[in-house]
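For reference, the structure is listed below as structure tokens.
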There are 2 protein chains.
Amino acid sequence: MNSPKARRKGAAVTTPAVSSRDLPHPETAQIRLESVLHALSDPMRLRIVRELAADGDELSCSYFDLPVTKSTTTHHFRVLRESGVIRQVYRGTAKMNGLRRDDLDGLFPGLLDALLDAADRQAAQVRDLGDG
Amino acid sequence: MNSPKARRKGAAVTTPAVSSRDLPHPETAQIRLESVLHALSDPMRLRIVRELAADGDELSCSYFDLPVTKSTTTHHFRVLRESGVIRQVYRGTAKMNGLRRDDLDGLFPGLLDALLDAADRQAAQVRDLGDG
DNA sequence: GCCGTACTACGATGGCTATCGTACAAGGCA
DNA sequence: TGCCTTGTACGATAGCCATCGTAGTACGGC
């Protein structure tokens with residue numbers, strides 16, 4: 001609810017908008033552990049982060065095939081961005097998403113890897129139970 | 001809302017109550033990563049877990065001096081217990097709380113240490129900012 | 001048996017949030 | 001220019017949740 005629509009309403013944009021469509025990200029020092037944990041405590045968002053980590057670099061929003069509507073998907077990506085977990089940037093019509101791995105590793109060394117490993121282990125366990 | 005009051009209402013207790021006051025804990029295999037993260041995403045609960053980890057073993061609920069009422073404290077301890085982060089047991093009138101470190105380390109190796117380290121780093125950073 | 005301490009259960013409340021549908025904007029392409 | 005794809009904003013809704021106050025239970029000591 002910040003830059004894109006605010007401009008149309010004639011409101012003054014405080015942050016210097018380099019591009020016409022840039023998104024607010026928290027600075028590295030402003031990332032809060034509680035917010036990161038809250039962001040990752042949702043199954044849908046944890047799934048997004050796992051796919052981002054698995055695929056490596058940047059993925060568009062449309063890459064993900066989540067069992068929710070596009071509105072909800074947008075919401076989840078915003079939560080991840082505002083908590084500092086991912087970085088979002090427009091590339092044409094697509095919106096590319098990338099893990100803020102360097103920032104997180106600098107703030108909380110080992111945390112992201114431990115979280116991803118934990119998620120992998122839980123997924124493997126659930127898979128085994130499903131197989132019987 | 002399970003064992004303590006249910007007995008008075010004459011309902012059948014499914015779980016074999018060894019003591020008159022025992023508390024429902026999730027089994028180790030039932031602990032879900034999302035629930036753990038959600039439990040730790042609350043500042044009050046993260047603080048409780050940090051104190052438990054710092055002090056080592058078991059601490060009573062009254063040991064903690066939290067800026068909330070006792071009702072709310074009870075609520076937070078229950079969330080931590082039901083998510084599998086802590087184990088609670090009555091000892092006389094006191095209720096002792098202990099981290100389920102072995103269970104969590106077995107499920108998610110390195111996760112708890114990474115989380116505690118991250119919380120320590122953030123606390124140190126906030127402290128530095130406060131000192132100016 | 002009675003009281004104090006420790007903690008809980010219950011109900012209420014206000015705020016957050018995950019979800020949806022609809023309408024709309026921005027960029028690429030024919 | 002007009003259309004399609006991609007993604008957003010907005011409003012609504014239902015459920016969860018952190019918090020409180022009050023009343024009550026359980027245990028230990030007097």
Side-chain angles (χ1 to χ4, degrees), chain A residues 1-11 17 19-24 32 34-35 37-48 58-83 86 88-97, chain B residues 1-11 17 19-24 32 34-35 37-48 58-83 86 88-97:
Chain A
M1 67 190 79
N2 272 327
S3 26
K5 193 86 172 224
R7 270 174 47 253
R8 291 190 64 260
K9 287 190 179 176
S19 166
S20 60
R21 285 202 296 172
D22 55 354
L23 300 155
R32 302 286 298 165
E34 292 90 334
S35 302
L37 297 183
H38 171 250
L40 298 181
S41 71
D42 182 275
M44 218 61 67
R45 292 194 290 260
L46 185 58
R47 175 169 162 178
I48 291 173
E58 291 189 329
L59 296 174
S60 71
C61 291
S62 62
Y63 171 89
F64 298 85
D65 188 28
L66 302 176
V68 292
T69 64
K70 305 243 293 186
S71 309
T72 307
T73 301
T74 298
H75 161 71
H76 284 311
F77 275 106
R78 182 173 47 208
V79 172
L80 285 171
R81 169 170 49 84
E82 292 180 345
S83 68
I86 69 172
Q88 294 189 293
V89 61
Y90 281 103
R91 182 120 53 212
T93 62
K95 195 183 198 177
M96 305 307 290
N97 305 275
Chain B
M1 65 190 76
N2 273 327
S3 27
K5 194 87 172 226
R7 270 173 47 252
R8 292 191 63 261
K9 287 189 178 177
S19 167
S20 61
R21 284 203 296 174
D22 56 352
L23 300 155
R32 302 286 298 164
E34 293 89 335
S35 302
L37 297 183
H38 170 250
L40 297 182
S41 71
D42 182 276
M44 218 61 67
R45 292 194 289 261
L46 185 59
R47 173 169 162 177
I48 291 173
E58 291 189 329
L59 295 174
S60 71
C61 291
S62 61
Y63 171 90
F64 298 85
D65 188 27
L66 302 176
V68 291
T69 64
K70 303 248 289 185
S71 309
T72 307
T73 302
T74 298
H75 162 70
H76 284 312
F77 275 106
R78 182 173 47 208
V79 172
L80 286 171
R81 168 170 50 83
E82 291 179 345
S83 68
I86 69 172
Q88 293 189 293
V89 61
Y90 281 103
R91 184 120 53 214
T93 62
K95 195 182 197 176
M96 306 306 293
N97 305 275

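Reminder, nothing fancy here: chain letters follow the sequence lines and each chain counts from 1.
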What's the separation between atom [atom1] in [X] and atom [atom2] in [Y], rounded to the nearest 0.5 Å?
{"X": "A/I48", "Y": "A/F64", "atom1": "CD1", "atom2": "CZ", "answer": "6.0 Å"}
{"X": "B/H38", "Y": "A/H38", "atom1": "NE2", "atom2": "NE2", "answer": "6.5 Å"}
{"X": "B/R45", "Y": "B/I86", "atom1": "CZ", "atom2": "CD1", "answer": "10.5 Å"}

Round to the nearest Å and state the distance from [X] atom [atom1] to [N] atom [atom2].
{"X": "A/I48", "N": "D/dG7", "atom1": "CD1", "atom2": "C1'", "answer": "14 Å"}
{"X": "A/D42", "N": "D/dG15", "atom1": "CG", "atom2": "C1'", "answer": "14 Å"}
{"X": "B/L66", "N": "D/dC20", "atom1": "CG", "atom2": "P", "answer": "11 Å"}
{"X": "A/K70", "N": "D/dT6", "atom1": "NZ", "atom2": "P", "answer": "6 Å"}
{"X": "A/L23", "N": "C/dA25", "atom1": "CG", "atom2": "C1'", "answer": "14 Å"}
{"X": "B/Y90", "N": "D/dC27", "atom1": "OH", "atom2": "P", "answer": "9 Å"}
{"X": "B/F77", "N": "C/dA9", "atom1": "CZ", "atom2": "P", "answer": "15 Å"}
{"X": "A/E34", "N": "C/dT17", "atom1": "CD", "atom2": "P", "answer": "14 Å"}

Could you say whether B/H75 or A/T72 is positioned toward the 5' end of DNA chain C, judged by the nucleotide with the nearest heavy atom to each? B/H75
With nearest nucleotides of DNA chain C determined for A/H76 and A/T93 from heavy-atom distances, which residue corresponds to the more 5′ nucleotide? A/H76
[X] side-chain proximity, nearest of [options]:
{"X": "B/V79", "options": "C/dC7, D/dA18, C/dA9", "value": "D/dA18"}
{"X": "A/T74", "options": "D/dC20, C/dA18, D/dG7", "value": "D/dG7"}
{"X": "B/T69", "options": "D/dC20, D/dA26, D/dT19", "value": "D/dC20"}
{"X": "A/S60", "options": "D/dG7, D/dC20, C/dT19", "value": "D/dG7"}
{"X": "B/R78", "options": "C/dT19, D/dT19, C/dA9", "value": "C/dA9"}

Report yes or no: does B/R32 contribute a side-chain atom to a donor-acceptor pair with the main-chain N or O of B/S83 at less than 3.5 Å? no
With a 4.5 Å cut-off on side-chain heavy atoms, are A/S60 and A/R91 touching? no
Reckon B/R91 touches a base, only the sugar-phosphate, or nothing at all at heavy-atom distances under 4.0 Å? nothing
Is [X] close enough to [N] that one of its side-chain N or O atoms is under 4.0 Å from OP1 or OP2 there?
{"X": "A/R45", "N": "C/dA18", "value": "yes"}
{"X": "A/S62", "N": "D/dG7", "value": "yes"}
{"X": "A/H38", "N": "C/dC16", "value": "no"}

